[in-house]
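Convention: sequence-line order gives letters A, B, ...; per-chain numbering from 1. What's counted below: heavy atoms across the whole structure, side chains too, no hydrogens, waters or symmetry copies.
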2 protein chains.
Amino acid sequence: MKTKSRIVVAAIALFNDRGTKAVTTNHIAAEAGISPGNLYYHFRNKTDIIRAIFDEMDKYGVAEYQRISAERGPATADAVAGTFVMLQEFNWRYRFFKREMTSLVTADPVLKKRFIKTHRAMLALVRSALDVSIAQGLLRDIPARERDLLAEEIWLVTLFWPNYLELGGEKVDTGTLERGSEQLRGIMLRYVTQKGLRAFSRPGRAG
Amino acid sequence: MKTKSRIVVAAIALFNDRGTKAVTTNHIAAEAGISPGNLYYHFRNKTDIIRAIFDEMDKYGVAEYQRISAERGPATADAVAGTFVMLQEFNWRYRFFKREMTSLVTADPVLKKRFIKTHRAMLALVRSALDVSIAQGLLRDIPARERDLLAEEIWLVTLFWPNYLELGGEKVDTGTLERGSEQLRGIMLRYVTQKGLRAFSRPGRAG
DNA sequence: GTCTATAAGCGGATAGAC
DNA sequence: GTCTATCCGCTTATAGAC
């Protein structure tokens with residue numbers, strides 16, 4: 001693996017474990033098996049590494065989403081189920097970022113700009129998934145304003161579920177992440193039609 | 001004001017402004033108008049100050065909640081409205097804590113223990129408010145499991161709304177906090193009865 | 001309780017050899 | 001690209017006078 005990637009991998013591992021504050025560039029260099037000076041050849045500073053991780057997250061998320069959409073067809077119940085699972089895996093893989101995202105984004109204007117772009121895109125994605133589900137008759141018709149609030153609620157729960165678990169002293173594992181999916185299903189169920197009920201309760205290829 | 005309180009007040013102001021990471025004990029001492037050495041007479045270190053702030057938050061929150069319950073009667077629509085407003089003010093006053101809570105709590109086991117206690121109490125509070133509202137016929141009957149999920153959802157939104165706003169690049173102000181209340185109302189409305197509709201849509205004394 | 005002075009240590013970052 | 005050596009600056013924390 002290239003040194004630059006090794007640094008990123010080492011940083012993610014340490015950040016997940018001890019948090020960005022406790023981890024120094026020296027620690028990262030040691031974990032990556034290189035000298036501190038070498039790290040500074042590849043990255044300006046710690047902030048720069050965090051930005052690189054975010055960019056990796058962004059690419060990974062988009063790629064996974066597109067893969068799922070391509071395999072299962074866009075806006076199918078199957079794709080929705082697969083996306084849930086993917087998001088949970090994603091949340092776990094980059095759990096330090098979820099944990100600290102508000103302070104990280106507040107502290108770094110460059111990161112903030114990139115994050116907001118992704119954030120808006122995700123919100124739009126949820127919103128359009130709702131629109132499609134309604135058009136297909138899987139969800140009952142919902143007034144526009146309520147649709148906006150609903151999309152926001154779904155995205156908020158998705159975004160903060162791991163945080164919520166950690167704060168409550170619950171381990172982030174398969175079981176508790178599954179409860180997050182259950183939360184989302186609970187929200188959807190309030191709007192689901194008979195037709196939708198059959199579609200959503202039928203487990204997708206993701207199990 | 002006692003020096004110890006002055007330190008806490010100074011720390012809150014600086015933390016809100018620049019985050020706990022960027023603020024040092026020296027900064028806090030300067031802001032409080034005392035010497036660095038003096039600060040260490042009153043507190044062991046920064047962590048110790050953060051714990052003191054959390055304890056203050058805890059006391060303040062409980063006191064405000066009890067005041068509202070006493071003035072408006074427990075579990076009335078009026079009290080619920082007042083509690084919303086109070087929570088928003090609370091979130092603003094200690095906004096640094098909301099912003100960083102996951103990392104703060106992860107980093108300090110003592111704080112974590114105290115936080116979890118409060119967290120569980122709040123969840124129980126929401127749950128019992130739901131029970132009372134259902135008993136009074138303001139909300140339709142909800143199966144136990146769904147009731148748990150609902151309480152959790154309400155608490156999650158309450159807890160993370162300021163975070164959510166900051167992450168999306170929205171200013172935390174009266175308008176956006178009001179949208180948080182609207183989110184919560186949107187959630188409640190899905191369960192509200194005719195009787196409850198009258199009670200909840202009538203603005204409480206809090207406006 | 002409060003101050004001044006200062007020790008000790010660490011993290012960030014760079015220079016220059018290889 | 002990678003290393004070693006090193007410096008600067010800052011933060012924490014303590015000692016001891018008042």
(message) Tell me the interatomic distance from A:D48, atom CG, to C:dT14, atom P, rounded to whole angstroms.
(response) 12 Å
(request) Ignoring backbone atoms, test whether A:Y41 places a side-chain nitrogen or oxygen under 4.0 Å from the OP1 or OP2 oxygen of D:dG1. (result) yes
(message) Would A:K4 pass as a cation-pi partner of A:F43, given that its NZ or CZ must be under 6.0 Å from the six-membered ring centre and within 45 degrees of the axis?
(response) yes
(message) What is the separation between atom CG on B:N45 and atom P on C:dA8, rounded to the nearest whole Å?
(response) 20 Å
(request) Scan B:N26 against the nucleic acid and name what it touches under 4.0 Å (heavy atoms): base, sugar-phosphate only, or nothing. (result) base
(request) Rounded off to whole Å, could you give me the CD1-to-P distance for the A:I49 and C:dG12 pair? (result) 9 Å
(message) Please find the pair of heavy atoms, one from A:P162 and one from A:V172, that lie closest to each other, and give the distance.
(response) O-CG2, 4.2 Å
(request) Would you mind telling me which residue lines up with the more 5' stretch of DNA chain C, B:P36 or B:K2, judged by nearest nucleotide? (result) B:K2
(request) Assess B:R93 against B:Y60: is NZ or CZ under 6.0 Å from the centre of the six-membered ring, and within 45 degrees of the ring's axis? (result) yes
(request) Let me know the distance between NZ of A:K21 and C1' of D:dC10, rounded to the nearest Å. (result) 15 Å
(request) Take atom CG of A:L39 and atom P of C:dG12, then tell me their distance rounded to the nearest Å. (result) 10 Å
(request) For B:R147 and B:I142, indicate whether the former's side chain and the latter's backbone hold a donor-acceptor pair under 3.5 Å. (result) yes
(message) From CD1 of A:I7 over to C1' of D:dG1, roughly how many Å is that when rounded to an integer?
(response) 11 Å
(request) Send over the distance from A:K4 NZ to D:dT2 P, rounded to a whole Å. (result) 12 Å
(message) Please tell me whether A:H119 and B:Y164 form a close aromatic pair, meaning their ring centres lie under 6.0 Å apart.
(response) yes
(request) Identify which nucleotide among D:dC3, C:dG11, D:dT12 has an atom closest to any side-chain atom of A:N38, counting heavy atoms from C-beta outward. (result) D:dC3
(request) Would you classify A:S35 as touching base, sugar-phosphate or nothing, given that sugar-phosphate means primed atoms plus P, OP1 and OP2, and contacts are heavy atoms under 4.0 Å? (result) base
(request) Check whether any side-chain N or O of A:H42 sits under 4.0 Å from OP1 or OP2 of D:dT2, and answer yes or no. (result) yes
(request) To the nearest Å, give me how far apart CD1 (B:I34) and P (C:dT4) are. (result) 11 Å
(request) Measure from the side chain of B:K46, starting at C-beta and using heavy atoms only, and say which of C:dG12, D:dT12, C:dC3 lies closest. (result) D:dT12
(request) Verify the contact: side-chain N or O of B:T3 to OP1 or OP2 of C:dT2, cut-off strictly under 4.0 Å; return yes or no. (result) yes
(request) Give a yes/no answer on whether the side chain of A:Y40 brings an N or O atom under 4.0 Å of OP1 or OP2 in C:dA13. (result) yes
